[in-house]
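Beneath this line is the structure, given in structure tokens, with notes to follow.
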Amino acid sequence: SEAGTLLLALVVTWAFSLYEHRAVGDYGLPLRQALRPPTLDGAILGAVLAAVAALGLVALGGMKVNGLAPGVDALRFALIWLAVNILIGLAEEAFYRGYLLKTLWQAFGFWPAALLVSLPFIADHYFYKPGENIWDVITLLSFSLLCCYSVRQTGTLWWAVGFHAAFDYTQLFVIGTPNGGQIPVGRLLDSRFDGPWWLTGGVLGTEASLLMYPALALVFLYVGRRYMRQG
């Protein structure tokens, strides 16, 4: 599914790049910047965000780690989850915040464009992931606006790609949080989530925990201070 999304995003971007006489990389993903510091910085922040939420859950009694998940080929699943989450980061950022964000930004200004591209991103998750609720919608909106803001500040999508991939990887593989009522296969930690929905996120896992809101706000502040606005 994510491979199809990425392919669609690249084909459409390529078609419009021909029409506008520009390079495909001009819409946020120049290959020469793939392994540059913003990508790594985004990845570190994504992992830290998920880890901080998990530590908050542990401190408040909403999460208990019983050790490593039994019977798991950790190295194999670590590589599989890494590949999958890099693909998710590339696909969703290119599809929602590549050509679409840049074009709407030029037409309407940055923040209206960021809100507009966030709507289909939220809808995709809301209508196709079981158990979605308003609290996860708020997280999704904040997450999308943060990724858009990083494009504004860094001038590329690579920070958002690294952030998105590492956030999902840490949540799903490392922590093993539920997501849409499903428990990740091959997760690293044997974690148990007990407590009220506002703390654990319920069937939606840590991304729907109210602990995410202050953590995301801090990342917003970091991105604003760390990077100079590009244009």
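The residues of the chain are indexed from 1 along the displayed sequence. These numbers come from a predicted model, not from an experiment.
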- Query: Is Ile86 linked to Leu79 within one hydrophobic cluster, defined over Ile, Leu, Val, Met, Phe, Trp and Tyr using a side-chain heavy-atom separation of less than 4.5 Å?
  - Reply: no
- Non-hydrogen atoms of Leu6 and Ala94 that approach each other most closely: CD1-CB, 4.3 Å
- side chain to side chain contact (heavy atoms under 4.5 Å, CB included) between Val185 and Phe77, intermediate numbers included: CA-CA 9 Å; Val185 174; Phe77 277 103; 4.1 Å; yes
- Query: According to a 4.5 Å side-chain heavy-atom criterion applied to Ile, Leu, Val, Met, Phe, Trp and Tyr, with indirect links allowed, do Phe95 and Phe127 form part of one hydrophobic cluster?
  - Reply: yes
- Rounded to the nearest 0.5 Å, the OG1 atom of Thr177 sits from the CD1 atom of Ile183 at a distance of 7.5 Å
- Query: Among side-chain atoms of Thr206 and Gln171, is any donor-acceptor pair under 3.5 angstrom?
  - Reply: yes
- Count the heavy atoms of every other residue, nucleotide or ligand shown that sit under 6.0 Å from CZ of Arg192, and state whether that count exceeds 12. no
- Any donor-acceptor pair under 3.5 Å from Tyr169 side chain to Ala78 backbone: yes
- Find out if a path of hydrophobic residues (ILVMFWY) with successive side-chain heavy-atom gaps under 4.5 Å connects Leu18 to Val24. yes
- Message: Give me the atom names and distance for the closest heavy-atom approach of Tyr27 to Thr13.
- Response: CD1-CG2, 3.5 Å
- Item | Straight-line distance of Leu115 CG to Leu104 CG, nearest 0.5 Å | 11.0 Å
- Query: Between CD1 of Ile122 and OH of Tyr126, what distance do you get to the nearest 0.5 Å?
  - Reply: 11.0 Å
- When you measure from the side chain of Asp136 to the backbone N and O of Thr139, does any donor-acceptor pair fall under 3.5 Å? no
- Tyr149 ring center near Phe220 ring center (under 6.0 Å): yes
- Message: Main chain of Ile175, side chain of Ser191: is a donor-acceptor contact present, judged purely on distance under 3.5 Å?
- Response: yes
- Query: So, does Glu93 use its side chain to make a donor-acceptor pair with the main chain of Val161 at under 3.5 Å?
  - Reply: no
- Where Leu145 and Ser118 come nearest, the two heavy atoms and their spacing: CD2-OG, 3.8 Å
- Task: Just grab all the ring pair (Phe, Tyr, Trp, His ring centres under 6.0 Å) pairs involving residues 2-21, residues at least two apart or on different chains.
- Result: Phe16-Tyr99
- Query: Taking C-beta and beyond as the side chain, do Leu68 and Leu189 meet within less than 4.5 Å on heavy atoms?
  - Reply: yes
- Query: Looking just at side-chain N and O atoms, do Ser144 and Arg97 make a donor-acceptor pair shorter than 3.5 Å?
  - Reply: yes
- Task: Considering non-hydrogen atoms only, spot the tightest contact between Ala215 and Leu49 and give its length.
- Result: CB-CD1, 3.2 Å
- Close side-chain approach of Leu188 and Trp81, heavy atoms under 4.5 Å: no
- Message: Tell me whether the count of non-hydrogen atoms from other residues, nucleotides or ligands lying under 6.0 Å of OH in Tyr222 goes above 12.
- Response: yes
- Between atom CG of Leu140 and atom CG of Leu204, what is the distance when rounded to the nearest 0.5 Å? 9.0 Å
- Message: Between Ser209 (side chain only) and Thr200 (backbone N and O only), is there a donor and an acceptor less than 3.5 Å apart?
- Response: no
- Item | Minimum-distance pair of heavy atoms, taken over all atoms of Pro30 and Gly25 | CD-O, 3.3 Å
- Take atom CG of Leu35 as the centre, draw a 6.0 Å sphere, and report whether it contains more than 12 heavy atoms from other residues, nucleotides or ligands. no
- Tell me, do Val84 and Phe173 make a side-chain contact under 4.5 Å, heavy atoms counted? no
- Determine, step by step, whether Met212 and Trp135 satisfy the side chain to side chain contact (heavy atoms under 4.5 Å, CB included) criterion, reporting the C-alpha distance in whole Å, the side-chain angles of both residues, the deciding distance to 0.1 Å, and the verdict. CA-CA 10 Å; Met212 276 293 169; Trp135 309 109; over 6 Å; no
- Item | Single-linkage hydrophobic cluster, 4.5 Å side-chain cutoff, Leu7 and Leu100 together | no
- Is the Phe143 to Phe163 ring centre distance short of 6.0 Å? yes
- Is there a donor-acceptor contact under 3.5 Å from the side chain of Asp124 to the main chain of Phe121? no
- Message: Just checking Gln182: does its CD atom have more than 12 heavy atoms from other residues, nucleotides or ligands closer to it than 6.0 angstrom?
- Response: no
- Query: What's the spacing between Thr39 OG1 and Leu29 CG if we round to 0.5 Å?
  - Reply: 9.0 Å
- Query: Are Leu218 and Tyr213 co-members of a hydrophobic cluster defined by side-chain heavy atoms under 4.5 Å apart?
  - Reply: no
- Item | Least distance between heavy atoms, Leu45 atom then Trp159 atom | CB-CZ2, 4.2 Å
- Message: Taking CG in Leu221 as the centre, count heavy atoms belonging to other residues, nucleotides or ligands within less than 6.0 Å. Is the count above 12?
- Response: yes
- Query: Is any side-chain N of the basic residue among Glu207 and Lys129 closer than 4.0 Å to the acidic one's carboxylate O?
  - Reply: yes
- Message: Please determine whether side chain to side chain contact (heavy atoms under 4.5 Å, CB included) holds for the pair Cys148 and Tyr96, giving the CA-CA distance in whole Å, both sets of side-chain angles, and the decisive distance to 0.1 Å.
- Response: CA-CA 9 Å; Cys148 291; Tyr96 293 107; over 6 Å; no
- CG of Asn179 to NE2 of His125: how many Å apart, nearest 0.5 Å? 8.0 Å
